[in-house]
Protein chains: 2
Amino acid sequence: MNSMETSADTPQMDVYNRIWLSIAERKLKPGTRLKEEQLAEIFSVSRARVRQALSALEHDGLVTLVPHRGAFVSQPSTEEARDIFFARRTIETSLVARLCAAATADDLARMHAHVEEERAARAAGDTKATILLSGGFHLLIGELAGSPYLWEVLRDLVSRTSLIMAMYQTRSQADCGPDEHAEVLEAIRNADAARAQHLMDHHLDHLEGKLDLDDTTEETNDLRDILS
Amino acid sequence: MNSMETSADTPQMDVYNRIWLSIAERKLKPGTRLKEEQLAEIFSVSRARVRQALSALEHDGLVTLVPHRGAFVSQPSTEEARDIFFARRTIETSLVARLCAAATADDLARMHAHVEEERAARAAGDTKATILLSGGFHLLIGELAGSPYLWEVLRDLVSRTSLIMAMYQTRSQADCGPDEHAEVLEAIRNADAARAQHLMDHHLDHLEGKLDLDDTTEETNDLRDILS
DNA sequence: GAATAAATAATTGTAGACAATTTATGTCGC
DNA sequence: GCGACATAAATTGTCTACAATTATTTATTC
């Protein structure tokens with residue numbers, strides 16, 4: 001019942017997941033063009049399957065579909081980036097507050113185990129796992145809050161955040177840092193709702209602060225976008 | 001810049017919107033089978049377009065796609081129904097609190113105009129408009145909060161709520177009632193965040209309370225589901 | 001030599017046909 | 001007459017070929 005696994009049963013979900021993962025891991029950079037035929041060959045599926053996957057990814061905001069031009073890894077604007085963080089603060093501060101009142105011993109154990117896993121991955125220098133686990137902590141909070149719907153929303157927000165980080169991150173490293181997660185966990189353990197909310201809010205602010213969201217230097221790879 | 005209009009530009013979005021509207025208006029009842037060819041003929045489009053629209057509707061939780069059996073208007077379970085209301089409370093209470101601090105005179109005017117419109121529609125006995133406007137008030141709050149992302153989430157939640165109401169509503173009438181909306185608006189006007197949050201929370205509770213979410217009498221139209 | 005315009009090439013969008021699966025109908029045996 | 005099995009119909013899932021659009025290259029003219 002691990003909610004991290006994103007059911008790779010059907011072939012079409014497989015191509016969706018593989019592209020999703022590549023974007024979440026930041027191997028596919030924003031602005032990258034995704035040709036349908038090329039993807040079809042890589043994954044050994046028909047072009048129709050690729051189109052379905054791309055359509056779903058567009059719905060999740062990870063790729064942008066331009067009519068008669070093709071699919072590109074999305075390049076969220078600074079406004080959109082700020083909006084995503086706003087939405088995360090709105091939802092996640094509410095959820096941690098609720099968790100303070102409702103968390104079971106088992107919940108706390110799972111969160112503790114997760115933070116340890118994050119530490120281990122970071123210590124081992126496994127950047128791929130670090131990025132995934134870092135977002136996974138936030139998803140775990142959504143899961144423990146007991147709302148499948150909000151968990152889906154959070155999954156969407158976390159993956160979009162990954163894209164935003166890939167685009168606007170200038171200084172320092174990629175992930176949240178397990179220390180702040182540990183602090184939030186400690187507040188939840190103490191059932192200190194106000195502190196947990198404050199810490200989560202601050203944590204997301206910290207993440208947003210790492211970004212270069214000044215509108216002046218809209219970086220891009222696409223010559224089309226550079227040369228007006 | 002009215003956010004209620006759901007861009008019916010492309011043909012595929014048109015069929016999506018027309019089905020979406022029929023469900024939101026509760027003309028299409030939960031469990032109704034949606035044959036692709038039939039829809040294709042009705043809308044005078046190819047079956048591929050219908051499939052795209054159905055796929056998008058499934059992603060929004062309004063339609064359930066069963067492999068090799070077809071598409072059906074979703075029949076959300078009582079757990080899912082409660083989850084939707086939980087999500088709405090989580091998000092909307094946060095948003096009204098924020099609005100209390102940030103609402104401009106223009107914002108207040110728009111909300112006031114909307115409540116009046118609701119009253120007029122209800123007085124005129126226009127049930128279709130009443131249902132739409134009733135959800136529209138909640139969407140307006142999302143819009144004025146200035147978060148396009150959360151507005152999209154709210155739109156999804158409101159349409160799912162409409163489906164839930166169609167399924168589980170037993171007594172009294174369909175919509176929210178403009179009086180409670182007016183009360184919320186009054187609290188926002190007075191910048192009383194705590195009261196606004198409380199009223200919104202109570203309002204959604206009231207809505208949920210109108211439903212018959214006892215798990216015992218899972219109503220359905222599909223013979224398959226009735227006769228095990 | 002530079003800019004514009006036409007032609008060619010590449011890519012996406014669409015539709016129609018075919019295959020796989022499920023549902024309904026009819027028949028045979030009991 | 002009732003139930004199980006086989007056959008037929010209907011519906012969905014998938015793929016391939018073709019049309020529409022856009023990008024690139026080449027040729028022509030100023």
Side-chain angles (χ1 to χ4, degrees), chain A residues 7-19 23 28 30-75 220-228, chain B residues 7-19 23 28 30-75 220-228:
Chain A
S7 60
D9 297 323
T10 69
Q12 59 215 14
M13 260 306 159
D14 188 43
V15 40
Y16 171 95
N17 280 326
R18 286 174 71 175
I19 298 177
I23 296 177
L28 275 175
T32 305
R33 181 165 187 187
L34 302 172
K35 295 185 199 173
E36 296 182 354
E37 206 165 4
Q38 190 179 339
L39 294 172
E41 192 180 3
I42 292 173
F43 296 125
S44 300
V45 297
S46 75
R47 206 160 64 88
R49 286 270 174 74
V50 174
R51 283 176 72 78
Q52 287 180 20
L54 289 176
S55 179
L57 285 164
E58 186 203 25
H59 196 281
D60 292 346
L62 294 182
V63 310
T64 303
L65 256 43
V66 184
H68 294 104
R69 288 236 0 248
F72 302 83
V73 179
S74 289
Q75 298 179 309
T220 175
N221 297 323
D222 195 350
L223 290 178
R224 177 185 318 280
D225 296 330
I226 295 178
L227 308 171
S228 177
Chain B
S7 58
D9 298 322
T10 69
Q12 59 214 15
M13 259 307 158
D14 187 42
V15 41
Y16 171 95
N17 280 324
R18 286 175 70 176
I19 297 177
I23 295 178
L28 276 175
T32 304
R33 180 163 189 187
L34 302 171
K35 295 186 199 174
E36 297 183 351
E37 206 165 5
Q38 190 179 339
L39 293 172
E41 192 180 4
I42 292 173
F43 297 126
S44 300
V45 297
S46 75
R47 204 160 65 90
R49 285 271 176 74
V50 173
R51 283 178 71 79
Q52 287 179 22
L54 289 177
S55 178
L57 286 163
E58 187 203 25
H59 196 282
D60 291 347
L62 295 182
V63 162
T64 302
L65 256 44
V66 184
H68 294 106
R69 289 236 0 249
F72 301 83
V73 179
S74 289
Q75 298 178 311
T220 175
N221 296 325
D222 194 351
L223 291 178
R224 174 185 320 278
D225 296 330
I226 295 177
L227 309 171
S228 179

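Convention: sequence-line order gives letters A, B, ...; per-chain numbering from 1.
Between the NE2 atom of A/His68 and the P atom of D/dA19 there is a distance of 15 Å, rounded to whole Å. Distance, B/Glu37 CD to D/dG13 P: 13 Å, rounded to whole Å. Between B/Gln38 atom CD and D/dT12 atom C1' there is a gap of 14 Å when expressed in whole angstrom units. Rounded to an integer number of Å, the gap from CZ of B/Phe72 to C1' of D/dT12 is 11 Å. Computed from coordinates, the A/Leu34 CG to C/dT11 P distance equals 14 Å when rounded to whole Å. If you take CG of A/Leu65 and C1' of C/dT11, they are 13 Å apart, rounded to a whole angstrom. Distance A/Glu36 CD to C/dT14 P: 11 Å, rounded to the nearest Å. Residue A/Leu54 contributes atom CG, which lies 13 Å from atom C1' of C/dT11 at whole-angstrom precision.
Closest to the A/Lys35 side chain, of the nucleotides C/dT12, D/dT14, D/dT11, is C/dT12.
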Listed pairs, N/O of protein and of nucleotides 15-18 of chain D, under 3.5 Å:
| residue | atom | partner | partner atom | Å |
| --- | --- | --- | --- | --- |
| D/dC15 | OP2 | A/Ser46 | OG | 2.6 |

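Residues A/Phe72 and A/Val66 are in side-chain contact: their nearest non-hydrogen atoms beyond the backbone lie under 4.5 Å apart. B/Leu54 has its side chain within reach of B/Leu34: a pair of non-hydrogen atoms, C-beta onward, lies under 4.5 Å apart.
Between B/Arg69 and C/dT23 there is a side-chain polar atom (N or O) within less than 4.0 angstrom of OP1 or OP2.
Annotation: the span from B/Gln52 atom CD to B/Ser46 atom OG amounts to 7.5 Å, rounded to 0.5 Å.
In plain terms, the two heavy atoms of B/Arg33 and B/Arg69 that are nearest each other are NH2-O, 2.9 Å.
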Do any side-chain atoms of residues 55-65 of chain A form donor-acceptor pairs under 3.5 angstrom with protein atoms, and if so which ones, sequence neighbours left out?
| residue | atom | partner | partner atom | Å |
| --- | --- | --- | --- | --- |
| A/His59 | ND1 | B/His59 | ND1 | 3.0 |
| A/His59 | NE2 | B/Asp60 | OD1 | 3.3 |
| A/Asp60 | OD1 | B/His59 | NE2 | 3.3 |
| A/Asp60 | OD2 | A/Tyr16 | OH | 2.3 |
| A/Thr64 | OG1 | A/Ser74 | OG | 2.9 |

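In summary, of the residues considered (B/Glu36, B/Glu41, B/Glu37), a side chain to side chain donor-acceptor pair (under 3.5 Å) with B/Arg47 occurs for B/Glu36 alone.
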